[in-house]
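Shown next, in structure tokens, is the structure this report addresses.
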Amino acid sequence: KDVQKEIEPHVYLSKEEVKEKIQSYNSSVTDKLKMTLNANGIYTGFIKVQMELCRPITVQSSQSQGRCAHSNNETAFYLPDGCVNTLHISSTNTVREVIEALLKKFFVADNPAKFALYKRCHKEDQVYTCKLSDREHPLYLRLVAGPRTEMLSFVLREHETGEVMWEAFTIPELQNFLRILDKEENEQLQILKKRYAAYRDKLEEALGGVWKPG
């Protein structure tokens, strides 16, 4: 269930409060992805981000894999569904910087403005997903929520269709997308034709069994 972003003011914790929260966090970690508090008060740690991308992304051809459409030295392809990436970040890193780091890790050439980071959390037996603002700090949210991903997880998505900045796409990117969409449309059309042909054969077979001349 997607919901509007709740107003969550950033609570500025003292160094001692941060230290206590990090100690509590690390005592609950089960995957060795602990947080570290530096002398300057900045802390570092890990977040996991699930990639839920519906549209193809553009990468350098040498880095591409899977179903794709080529254009010079770049390739548009679909990222595997449910792909999860782990990032090591600091408490000063913003949502926008996390998105840029994710795209860099996958060698994605697309404009970061095309993507948004969401938080997914459980509340009263419901799962809620809300978009984070560019200025929020994911590691702070992770620290406050604790290490359990069922309580809080991060998801990377494209902006909704109505929010897409189409002018941010290059002509080759748009042409690649159209080629992929044409290919998918033809594949779906063939599937539908086979399905209805099978229905037609069964109907004709049933009619032949019911209607007998003379």
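Each residue takes its place number in the sequence, starting with 1.
Expressed to the nearest 0.5 Å, how far NZ of Lys119 lies from CG of Leu152 amounts to 7.0 Å. Rounded to the nearest 0.5 angstrom, Cys83 SG and Glu52 CD are separated by 11.5 Å. For the atom pair CD1 of Ile99 and CG of Asn111, the computed distance is 11.0 Å after rounding to the nearest 0.5 Å. Note: Tyr118 OH to Lys131 NZ = 5.0 Å, rounded to the nearest 0.5 Å. Remark: Glu16 CD to Leu37 CG distance equals 9.5 Å, nearest 0.5 Å. Note that CD of Gln190 and NZ of Lys193 are 5.0 Å apart. Values are rounded to the nearest 0.5 Å.
Grouping the Ile, Leu, Val, Met, Phe, Trp and Tyr side chains by contacts below 4.5 angstrom, directly or via other members, places Leu139 with Leu141. Under the 4.5 Å side-chain heavy-atom criterion for Ile, Leu, Val, Met, Phe, Trp and Tyr, Tyr196 and Ile191 are members of distinct hydrophobic clusters. Put simply, Ile42 and Val18 are part of two different groups of oily side chains (I, L, V, M, F, W, Y) that touch within less than 4.5 Å, one to the next. Follow the hydrophobic side-chain contacts under 4.5 Å out from Leu33 and you never reach Tyr25; the two are in separate clusters. In the hydrophobic clustering of ILVMFWY residues, with side-chain heavy atoms under 4.5 Å counting as a link, Leu117 and Met151 come out apart.
In terms of heavy-atom proximity, Val155 sits nearest to Val49 at C-CG1, 4.1 Å. Looking at every heavy atom in both residues, Arg120 comes nearest to Thr129 through NE-OG1, 3.4 Å.
Counting only distance, with no hydrogens or angles, the side chain of Arg96 and the backbone of Pro112 share a donor-acceptor pair below 3.5 Å. Although no hydrogens or angles enter the test, the distance criterion places no donor-acceptor pair under 3.5 Å between the side chain of Asn26 and the main chain of Gln23.
Taking the side chain as every heavy atom from C-beta outward, Leu102 and Lys105 never approach each other to under 4.5 Å. With contacts defined as side-chain heavy-atom distances shorter than 4.5 Å, the pair Glu100/Lys104 does not qualify. A 4.5 Å side-chain heavy-atom check between Tyr140 and Tyr43 finds at least one atom pair inside the cut-off. In this structure, Glu20 and Leu13 have side chains that are not in contact, with every pair of non-hydrogen atoms separated by 4.5 Å or more. With a 4.5 Å cut-off on side-chain heavy atoms, Gln50 and Leu156 do not count as touching. Under the 4.5 Å side-chain criterion, counting only non-hydrogen atoms from C-beta, Ser28 is not in contact with Arg148. Within the 4.5 Å cutoff, the side chain of Leu143 has heavy atoms near those of the Ile22 side chain. Between Lys15 and Lys19 there is no side-chain heavy-atom pair separated by less than 4.5 Å.
Partners of Asp31 by salt bridge (Lys or Arg N to Asp or Glu O under 4.0 Å), not counting sequence neighbours, listed by chain and number: Lys48.
Just one residue in the list Leu87, Leu103, Leu132 forms a side-chain contact (heavy atoms from CB on, under 4.5 Å) with Val98, and that residue is Leu87.
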Practice task
Step by step, work out the side-chain contact (heavy atoms from CB on, under 4.5 Å) result for Asp134 and Thr94.
Solution key: CA-CA 6 Å; Asp134 285 351; Thr94 62; over 6 Å; no
